[in-house]
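Have a look at the structure below, then the notes.
These numbers come from the heavy atoms of this one structure, side chains and all, not from hydrogens, waters or symmetry mates. Letters A, B, ... are given to chains in the order of the sequence lines, protein chains preceding strands, and every chain is numbered from 1.
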Protein chains: 2
Amino acid sequence: MSGSVRRTTMPSIEIVAKEAGVSTATAGRALGGYGSVSRKSREAVLAAAERLGYRPNSLARSMITGLTHTLGVLVPDIENPFFSRALRGIADAAHERGWEVLLVNTDEDLTLERKALGVLTERRVDGLVVAPTDVADRDALQAVVDAGIPIVLLDRRVPGLDADTVGIDNRVAAKDATERLLALGHRSVALLTGGDEKLRPKLSRPGLRGVERLGATTVGARAAGYRDALVEAGIEPRPELVSAEGFRREDAAAATRRLLALPDPPTAILALDSLLALGVLQALRGLGLRCPVDVSLVAFDDADWAEAISPPLSVVAQPIYELGAEAGRLLLDRVQGSDKRFTHRRLPTRFIERESAAPR
Amino acid sequence: MSGSVRRTTMPSIEIVAKEAGVSTATAGRALGGYGSVSRKSREAVLAAAERLGYRPNSLARSMITGLTHTLGVLVPDIENPFFSRALRGIADAAHERGWEVLLVNTDEDLTLERKALGVLTERRVDGLVVAPTDVADRDALQAVVDAGIPIVLLDRRVPGLDADTVGIDNRVAAKDATERLLALGHRSVALLTGGDEKLRPKLSRPGLRGVERLGATTVGARAAGYRDALVEAGIEPRPELVSAEGFRREDAAAATRRLLALPDPPTAILALDSLLALGVLQALRGLGLRCPVDVSLVAFDDADWAEAISPPLSVVAQPIYELGAEAGRLLLDRVQGSDKRFTHRRLPTRFIERESAAPR
DNA sequence: CACTTGGGTGAGAACGTTCTCAATCTGTGG
DNA sequence: CCACAGATTGAGAACGTTCTCACCCAAGTG
């Protein structure tokens with residue numbers, strides 16, 4: 001392959017055995033803590049190991065036991081605070097039970113995601129936590145499951161996949177947030193989804209079928225919840241108030257400027273993540289408008305800055321760390337042989353009322 | 001070990017060879033792309049592999065090649081935006097050259113860090129990027145290096161360790177930031193370090209030796225730079241203006257309240273990371289003070305919210321992603337056999353002047 | 001004394017690759 | 001037709017563990 005075969009200087013169990021004057025089998029037993037070994041042999045082996053600085057080779061161990069004690073984690077972008085916090089939860093759960101974490105960023109890129117699935121399969125990870133880029137990857141994911149590697153989906157769902165899922169009830173959470181804005185007297189509420197261009201027509205004019213299909217995705221479910229609240233309040237959803245122009249802060253800022261330039265501009269905005277909310281705040285500053293007196297704002301995710309800025313931001317807080325930890329635990333249960341029916345765990349969200357949403 | 005030996009259902013190269021009617025050696029050559037194989041054999045093997053859904057076992061490959069194509073990454077806390085961004089840089093650099101990343105959080109805990117070093121050694125990672133908790137871990141780190149696993153230190157340094165390091169010039173950056181506050185007419189500048197209790201006396205009354213010794217750590221170097229600026233400006237450093245009361249936002253808020261309650265309170269604050277800056281902002285809000293009219297604020301790290309809040313925060317921006325990417329590249333060079341002298345790479349910082357620091 | 005029991009031991013297989021080496025096949029030049 | 005270089009091939013070793021199995025031995029048991 002890549003040329004030079006690197007010879008490590010590390011002593012093998014055979015060397016340790018020789019040094020201790022026993023067979024490799026006995027040395028293995030003493031070091032691995034299985035089988036039965038006399039006190040004398042054990043002490044000789046452990047002393048020899050200590051002397052030589054012996055470190056077991058977990059690759060060889062994995063070859064034979066069939067367990068790598070490694071969990072693969074596939075997320076779009078570890079820089080995203082949502083995923084870095086969730087990863088922390090996953091990693092802690094894994095560590096607690098003696099597992100390590102192999103991390104791959106997918107960049108929301110399907111090709112990359114598939115390649116990563118292949119690589120992690122070749123590495124024989126014991127299981128995978130995946131925040132899939134797209135439901136379109138169902139087959140690739142199912143292939144991994146069929147190969148005997150259990151998967152737990154995080155945040156997003158993929159219909160028809162044999163996997164546990166962990167997330168929140170996005171539709172209900174979004175509906176609740178929207179209702180709170182309506183209750184403050186806002187009749188014209190904008191939605192900033194962060195999805196990409198091609199999503200927008202679907203979001204703004206979804207047939208019933210469309211909503212159902214989109215309901216599978218996080219953004220889609222939240223958009224559906226937003227619609228639910230409007231419809232129940234007897235307000236006709238206005239497509240031009242739904243913006244899906246990109247995930248970056250600048251995209252959100254541009255979208256905000258566009259929204260506020262409308263003939264009948266929104267008096268409140270619901271942003272589907274905290275980065276988008278920053279874009280809104282930035283745009284408001286630029287326009288000389290103030291939050292919440294001119295425009296109310298509510299965002300998903302309780303970012304660390306949400307409470308510290310002026311005005312403190314009202315948010316829909318997800319239990320992100322717990323989401324990750326639960327995914328990790330669920331996965332480890334599977335790895336360790338659980339064959340319960342697949343569960344779809346929904347953890348509760350919490351609306352934190354601060355000062356960015358005010359009566360109209 | 002942990003009980004059940006899991007038998008994977010995945011076909012081995014031997015099965016593929018049988019299916020294709022060739023020897024395992026030939027199948028290996030066709031699949032691995034080494035040696036020479038006739039067109040006919042290759043096609044038969046690839047077809048058989050495709051048919052059986054063959055996936056090479058990279059554990060077996062690593063056993064023989066001595067390369068796991070895995071980089072270990074040891075950081076205090078992946079949730080910290082600094083480390084999650086740096087990790088992104090490391091991961092991208094690794095991916096680009098066909099490596100994967102095994103991640104461990106150390107929680108600033110020396111015991112955990114040592115255990116993690118052991119685990120990663122057993123996993124035979126090809127190299128390690130470490131943001132060490134403490135210089136006290138020198139021996140444990142050196143042992144890993146001696147075992148043949150190269151290390152690159154990120155952000156922090158460990159004197160006397162055979163390793164490359166990547167970071168910024170903390171002393172110069174802190175001095176520059178302090179000078180800018182002094183240039184605005186501030187004579188009473190506080191420093192929020194975020195270090196823990198036992199650090200404070202050293203920071204506030206360092207003998208020359210003290211400063212030198214602390215210069216090895218990130219916080220210490222920045223504190224030294226802060227002092228440098230004061231001394232050069234002919235201002236006597238006041239120990240009570242240096243606060244090291246914890247890393248969390250609440251700690252910073254409490255420290256800020258304490259500072260502002262002093263008889264001769266600071267008119268400007270330098271916060272050593274963005275989370276601490278949030279604490280300051282929160283405390284100011286609570287006290288009914290405004291930034292920058294009542295208190296000026298400058299912080300390290302250009303957090304994503306820094307530009308979006310009011311007032312936009314003036315910051316010392318580190319090239320965090322590049323720091324990580326550079327560490328990754330340096331490490332991969334070592335893994336692939338470079339034996340250049342150890343380098344200590346300092347990437348340039350950039351002061352971004354926004355609106356949180358104003359004339360007194 | 002013969003017979004069982006069970007702790008302790010070592011030889012060698014197994015895991016799934018890549019590597020080494022010698023043997024065979026192919027085509028070319030004389 | 002022969003010699004020879006080079007491509008192609010397969011048997012078997014190697015990597016470092018754990019697992020299987022047969023064996024030895026001391027201590028009871030009848």
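- Taking for each of B/N57 and A/V37 the nucleotide of DNA chain C with the nearest heavy atom, the 5'-most of the two is the partner of A/V37.
- The separation between A/I64 atom CD1 and C/dC15 atom C1' is 5 Å, rounded to whole Å.
- A straight line from NE2 of A/H69 to P of D/dT18 spans 11 Å, rounded to a whole angstrom.
- Within 3.5 Å, a donor on the side chain of A/R29 pairs with an acceptor on the base of C/dG10, or the reverse.
- Among all heavy-atom pairs drawn from B/A94 and B/L332, the shortest one is CA-CD1, 3.9 Å.
- In this structure, A/R88 does not pair ionically with A/E322, as no charged nitrogen and carboxylate oxygen lie closer than 4.0 Å.
- With C/dT18, C/dG10, C/dC15 as the choices, the nucleotide that has an atom nearest any side-chain atom of A/S23 turns out to be C/dG10.
- For B/R124 against D/dG16, no side-chain N or O and base N or O form a donor-acceptor pair under 3.5 Å.
- Distance B/I15 CD1 to C/dC15 C1': 13 Å, rounded to the nearest Å.
- The CG-P distance, from B/L67 to C/dC19, rounds to 11 Å in whole Å.
- Taking a cutoff of 4.0 Å between a charged side-chain nitrogen and a carboxylate oxygen, B/E50 and B/R55 do not qualify as a salt bridge.
- For the pair A/I13 CD1 and C/dG10 P, the computed distance is 13 Å after rounding to whole Å.
- Remark: B/R85 engages A/E79 in a salt bridge, criterion side-chain N to carboxylate O under 4.0 Å.
- In this structure, CE of B/M63 is placed 13 Å from P of C/dT18, rounded to the nearest angstrom.
- Considering only the side chain of A/T26, C/dT9 comes nearest among C/dG16, D/dT18, C/dT9.
- Using a cutoff of 4.0 Å between basic side-chain nitrogens and carboxylate oxygens, B/D109 and B/K115 are not scored as salt-bridged.
- Applying the 4.0 Å criterion to OP1 and OP2 of D/dA7, one finds that B/S36 has every side-chain N and O outside that range.
- The shortest distance between the side-chain N/O atoms of A/Y34 and the OP1/OP2 oxygens of D/dC19 is not below 4.0 Å.
- Place B/L59 and B/A25 on DNA chain C by their nearest nucleotides, and B/L59 ends up nearer the 5' end.
- Taking side-chain N and O atoms only, B/S38 has a distance below 4.0 Å to OP1 or OP2 of D/dT9.
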